[in-house]
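Residue numbers count from 1 along this sequence. The structure presented is a predicted model; accordingly, all values stated were derived computationally and were not measured.
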Amino acid sequence: MIAEIRHNIDTYNVQEIQFLDDNFFVSKKRVKDLCKMIAEEFGDDDVIFSVPAGTEVNAMDEEMVDLMAAANFHKVVLAIEAGDGSIQSKHVEKKVKLDRIPALVDYIKSRGMTVHCLFMIGFPDETKAQITKTIDLAMSLNVDDFFISVATPPARYAHV
């Protein structure tokens with residue numbers, strides 16, 4: 001992968017590499033190792049990196065953020081999904097630890113990266129109050145921007 005990135009930079013003058021992988025953060029060790037290699041190989045280049053599909057929030061720790069910053073990642077997209085714990089438990093497989101989000105956002109920003117967040121509303125049985133919690137969380141965070149989409153329920157909820 002490092003050789004391919006180097007080829008694209010040298011051959012095509014690529015200035016940004018985006019990892020379009022929904023599962024990029026599944027293995028924390030793999031990502032940390034990759035960030036170390038990127039920082040070593042491309043630290044002096046003007047190329048930047050990102051994962052626009054979203055970051056597994058629970059995989060993010062200070063070491064991960066520091067390694068991403070050293071590897072010239074310029075933004076982090078946090079896939080928070082829902083701002084209500086009961087919706088997280090019932091409908092979001094990631095089980096995002098919501099209480100750590102504000103400090104995580106602030107730490108990422110302190111390392112010079114922008115923060116973007118992804119939220120969803122409209123889960124089956126979600127109440128207006130639960131939707132409001134998600135919107136309130138999105139509005140309260142010190143993020144550069146956020147996106148709220150309508151959840152698409154799994155097929156088991158479809159009525160034919």
Side-chain angles (χ1 to χ4, degrees), residues 1-121 123 133-149 151:
M1 186 181 308
I2 297 299
E4 186 174 332
I5 293 169
R6 171 55 63 205
H7 170 77
N8 286 316
I9 292 169
D10 293 345
T11 305
Y12 304 109
N13 195 31
V14 170
Q15 297 175 356
E16 179 174 2
I17 301 291
Q18 296 181 348
F19 296 99
L20 299 175
D21 181 355
D22 289 341
N23 297 309
F24 186 81
F25 288 92
V26 168
S27 170
K28 287 174 70 168
K29 180 185 179 332
R30 180 187 67 128
V31 174
K32 288 178 179 183
D33 290 345
L34 179 62
C35 285
K36 290 173 189 173
M37 288 186 281
I38 289 172
E40 184 177 311
E41 178 68 26
F42 307 106
D44 295 331
D45 292 342
D46 289 332
V47 65
I48 56 176
F49 296 86
S50 67
V51 183
T55 302
E56 170 60 54
V57 176
N58 295 332
M60 298 298 288
D61 56 27
E62 287 187 2
E63 180 187 18
M64 179 80 74
V65 172
D66 291 342
L67 290 169
M68 290 175 72
N72 294 332
F73 278 74
H74 69 103
K75 72 178 171 182
V76 176
V77 180
L78 299 175
I80 298 170
E81 315 306 7
D84 180 84
S86 62
I87 294 296
Q88 284 280 338
S89 296
K90 186 174 181 181
H91 296 291
V92 181
E93 292 179 10
K94 299 175 206 173
K95 310 290 187 267
V96 173
K97 297 170 185 147
L98 296 169
D99 59 330
R100 65 184 290 266
I101 299 295
L104 177 61
V105 167
D106 290 343
Y107 190 74
I108 294 167
K109 291 186 72 84
S110 78
R111 299 295 288 131
M113 294 178 278
T114 61
V115 180
H116 311 264
C117 292
L118 306 174
F119 295 95
M120 294 188 290
I121 58 173
F123 289 96
K133 280 180 89 170
T134 295
I135 293 168
D136 289 347
L137 176 61
M139 299 288 290
S140 73
L141 296 171
N142 181 28
V143 296
D144 295 282
D145 62 17
F146 61 85
F147 305 91
I148 299 177
S149 61

Donor-acceptor under 3.5 Å ([X] side chain, [Y] main chain):
X   : Y   : value
Q88 : A82 : yes
E56 : F25 : no
D84 : I87 : yes
R6  : F42 : no
D46 : Q15 : no
T55 : V77 : yes

Any side-chain heavy-atom pair from [X] and [Y] closer than 4.5 angstrom?
X    : Y   : result
I108 : L78 : yes
V31  : C35 : yes
M68  : F49 : no

Can you list the steps and then say if V65 with L104 is a side-chain contact (heavy atoms from CB on, under 4.5 Å)?
CA-CA 9 Å; V65 172; L104 177 61; 4.2 Å; yes
So which heavy atom on D21 is nearest to which on N23, and how close?
OD1-N, 2.8 Å
Heavy-atom closest contact (V76 atom, M60 atom, distance)
CG1-CE, 4.1 Å
As a quick check of understanding, evaluate side-chain contact (heavy atoms from CB on, under 4.5 Å) for T114 and D145, giving each step before the final call.
CA-CA 9 Å; T114 61; D145 62 17; over 6 Å; no
Can you confirm whether D10 is buried at CG, in the sense that more than 12 heavy atoms of other residues, nucleotides or ligands lie under 6.0 Å from that atom?
yes
For I101, which of D106, V57, V143 qualifies under side chain to side chain contact (heavy atoms under 4.5 Å, CB included)?
V57
With I17, the side chain to side chain contact (heavy atoms under 4.5 Å, CB included) member among V47, N72, V51
V47
Any chance you could measure [X], atom [atom1], to [Y], atom [atom2], to the nearest 0.5 Å?
X    : Y    : atom1 : atom2 : answer
R111 : L67  : CZ    : CG    : 9.0 Å
T11  : E4   : OG1   : CD    : 11.0 Å
H91  : E81  : NE2   : CD    : 13.0 Å
D144 : M113 : CG    : CE    : 11.5 Å
N8   : I5   : CG    : CD1   : 8.0 Å
I148 : L118 : CD1   : CG    : 10.5 Å

One pair to check against side-chain contact (heavy atoms from CB on, under 4.5 Å): V105 and K109. What are the steps and the verdict?
CA-CA 6 Å; V105 167; K109 291 186 72 84; 4.2 Å; yes
Decide yes or no on side-chain contact (heavy atoms from CB on, under 4.5 Å) for F119 and L137, but give the supporting numbers first.
CA-CA 10 Å; F119 295 95; L137 176 61; 3.9 Å; yes
Could you tell me whether D61 and K32 have a side-chain N and a carboxylate O separated by less than 4.0 Å?
yes
Give a yes-or-no answer on whether the side chains of Y107 and D66 include a donor-acceptor pair shorter than 3.5 Å.
yes
Would you mind telling me which of E16, H116, K75 makes a side chain to side chain donor-acceptor pair (under 3.5 Å) with S50?
E16
What orientation do Y12 and H7 show, parallel under 30°, tilted 30 to 60°, or perpendicular over 60°?
perpendicular
